[in-house]
Amino acid sequence: MPRRQHITLLMILGVSAFLGIFLVSFFRGIPEGARSADFIPSYAEPISGSVDEGLLHTEAKAPKLENATLKAELGHAAWKVLHTMMAKFPDKPTEDDSAALKSYIHLFARLYPCGDCARHFQKILKKYPPQVASRSTAAAWACHVHNEVNKRLKKEIFDCSNIGDFYDCGCAEEKSEKGKDGFTKLELEKEGLTRGG
């Protein structure tokens, strides 16, 4: 039975990721070459270019997840996906990359299968909007919001200066300088002040 729950959990995460990516790509709409000279970059807009804000900010509707074991497994898998995504985000993302990541995070919060968790994460996103100017700002932001969840759950706070060493997807590495431990050094930078600090 636990193996069946694990497979179900992976299926839920896979469908959520596919749906998020599909919705982002579907609603992006404006081809790269068709932008006019008065185009406003996505980082200057509240969320992302063509994605409807109502789609991104509708309250999560998932029911409460009662099974504590499944809830914990889902949480661990979800954080691994988010942190790994941030670790592989481009150092110098395009406007579309940044808009896609912001949209994905908001859709992730909306569609997360644990309703209570999703609604709490949406509150955190209002207080600490996603920071997507670079890989390091995205990774630092994700670590910060993860620690916000850890505080609420009375769990240990993670030292964000080690986030680059902790999450490694094993994906093909770009040419980069690696430390003696084999991991790429992640330098954190602050994108700017946001609501809440």
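Position 1 is the first residue of the sequence, and the numbers go up from there.
- For the pair Cys114 and Lys71, the tightest heavy-atom approach, listed with the atom from each and the gap, is SG-CE, 3.7 Å.
- Considering only heavy atoms from C-beta on, Asn147 comes within 4.5 Å of Cys160 through its side chain.
- Rounded to the nearest 0.5 Å, atoms NE2 (His120) and CG (Leu125) are 10.5 Å apart.
- Considering every non-hydrogen atom in both Ala78 and Tyr112, the closest pair reads CB-CE1, 3.5 Å.
- Side-chain contact between Leu74 and Pro113: present, with at least one pair of heavy atoms (C-beta onward) separated by less than 4.5 Å.
- Across Asn150 and Glu156, no two heavy atoms sit closer than the pair ND2-O, 3.2 Å.
- Distance check, rounded to the nearest 0.5 Å: CZ of Phe121 to CG of Asp116 gives 15.0 Å.
- Classified by interplanar angle (parallel below 30°, tilted 30° to 60°, perpendicular above 60°), the ring pair His146/Trp79 is parallel.
- Note that CE of Met85 and OH of Tyr104 are 4.0 Å apart. Values are rounded to the nearest 0.5 Å.
- For the atom pair CZ of Arg152 and SG of Cys117, the computed distance is 7.0 Å after rounding to the nearest 0.5 Å.
- Pro90 is not listed as a side-chain neighbour of Arg135, based on a closest heavy-atom distance of 4.5 Å or more.
- The two residues Phe89 and Asp97 come nearest to each other via the heavy atoms CE1-O, 3.7 Å.
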Criterion side-chain contact (heavy atoms from CB on, under 4.5 Å) on Lys151 and Glu148, from CA distance to verdict: CA-CA 5 Å; Lys151 286 178 196 173; Glu148 289 296 313; 3.2 Å; yes
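- Distance check, rounded to the nearest 0.5 Å: OG of Ser103 to CZ of Arg110 gives 12.5 Å.
- Note on Leu82 and Ile157: separate hydrophobic clusters, where clusters join Ile, Leu, Val, Met, Phe, Trp and Tyr whose side-chain heavy atoms are under 4.5 Å apart, directly or indirectly.
- The closest donor-acceptor contact from the side chain of Thr84 to the backbone of Val81 lies at 3.5 Å or more, if one exists at all.
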Go through the steps for Thr137 and Val132 under the test side-chain contact (heavy atoms from CB on, under 4.5 Å), then give the verdict. CA-CA 6 Å; Thr137 57; Val132 295; 5.8 Å; no
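- The two residues Ala109 and Ala118 make their nearest non-hydrogen contact at O-CB, 3.1 Å.
- Using a 3.5 Å distance cut-off with no hydrogens or angles, the side chains of Asp159 and Ser161 do pair a donor with an acceptor.
- Ser134 places none of its side-chain heavy atoms less than 4.5 Å from the side chain of Asp91.
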Report the C-alpha separation of Gln122 and Arg119 in whole Å, then their side-chain angles, then the decisive distance to 0.1 Å, and conclude whether the side-chain contact (heavy atoms from CB on, under 4.5 Å) test is met. CA-CA 5 Å; Gln122 286 178 321; Arg119 285 182 283 281; 4.3 Å; yes
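- The nearest pair of heavy atoms linking Phe158 to Cys143 is CD2-SG, 3.7 Å.
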